[in-house]
Amino acid sequence: MVDLGYMLHKEFDKIVENTQFNVTKGITNDVELILSNNNINMYPIQKELVKDVFVQSNIDVELKSPILQGQVLGNIKIVLGEDIIFSSDILAKEEIKKKDVKDYFFNLLSFFLLSHKDMV
């Protein structure tokens, strides 16, 4: 038996910790991720085939706002040889809105105040 849940979450945790997003015109680049399918546990595999089990993932890091809650950003698969034995979409946990004029104004004001803080 192979604990596919452990393999899945180990890889997903790496994605969450190491992925830096660029959200064009978004109010933030901090994108929280969730899996669409989290329902996986033990899987019966012959001992000699365990070495052929691996996790594949792909995720788009260049995003355009707005990002909707539940929007598919990538996927993660557990593969045995050439067969996909588990697959899940990687989703945005929360919405990321597009910047509006007010956001750009406050960014500019913050930049100006921080770069001239010795004058204030």
[X], [atom1] atom: more than 12 neighbouring heavy atoms under 6.0 Å:
| X | atom1 | result |
| --- | --- | --- |
| Q20 | CD | no |
| F54 | CZ | yes |
| D13 | CG | yes |

Gap between atom [atom2] of [Y] and atom [atom1] of [X] - 0.5 Å precision:
| X | Y | atom1 | atom2 | value |
| --- | --- | --- | --- | --- |
| Q46 | D52 | CD | CG | 10.5 Å |
| K64 | K98 | NZ | NZ | 6.0 Å |
| D30 | I96 | CG | CD1 | 7.5 Å |
| L68 | E95 | CG | CD | 6.5 Å |
| K47 | L49 | NZ | CG | 12.5 Å |
| D100 | F106 | CG | CZ | 10.0 Å |

Decide side chain to side chain contact (heavy atoms under 4.5 Å, CB included) for I78 and I40; before the verdict, give the C-alpha distance in whole Å, the side-chain angles of both, and the deciding distance to 0.1 Å. CA-CA 10 Å; I78 299 178; I40 186 170; 3.9 Å; yes
Would you name the heavy atoms of [X] and [Y] that are closest together and state the gap between them?
| X | Y | value |
| --- | --- | --- |
| I76 | F12 | CD1-N, 4.1 Å |
| G70 | L91 | O-CD2, 3.5 Å |
| V50 | I45 | N-CG2, 4.0 Å |
| T19 | I15 | OG1-O, 2.6 Å |
| F21 | I59 | CZ-CD1, 3.9 Å |
| L80 | V53 | CD1-CG2, 3.6 Å |

Do side-chain atoms of S36 reach the backbone of S88 as a donor and acceptor pair under 3.5 angstrom? no
Are the side chain of S65 and the backbone of K25 linked by a donor-acceptor contact shorter than 3.5 Å? yes
Contact between N29 and N22 at the side-chain level, heavy atoms closer than 4.5 Å - yes or no? yes
Heavy-atom check, side chain of S87 versus side chain of K77, under 4.5 Å: yes
Hey, any chance [X] and [Y] share a hydrophobic cluster, counting ILVMFWY side chains that come within less than 4.5 Å of each other, even indirectly?
| X | Y | value |
| --- | --- | --- |
| V55 | L33 | yes |
| L8 | Y6 | no |
| L35 | V79 | no |
| V23 | V16 | yes |
| I34 | V31 | no |

Going through the checks in order, is the side chain to side chain contact (heavy atoms under 4.5 Å, CB included) test met by D89 and N37? CA-CA 7 Å; D89 288 329; N37 182 0; over 6 Å; no
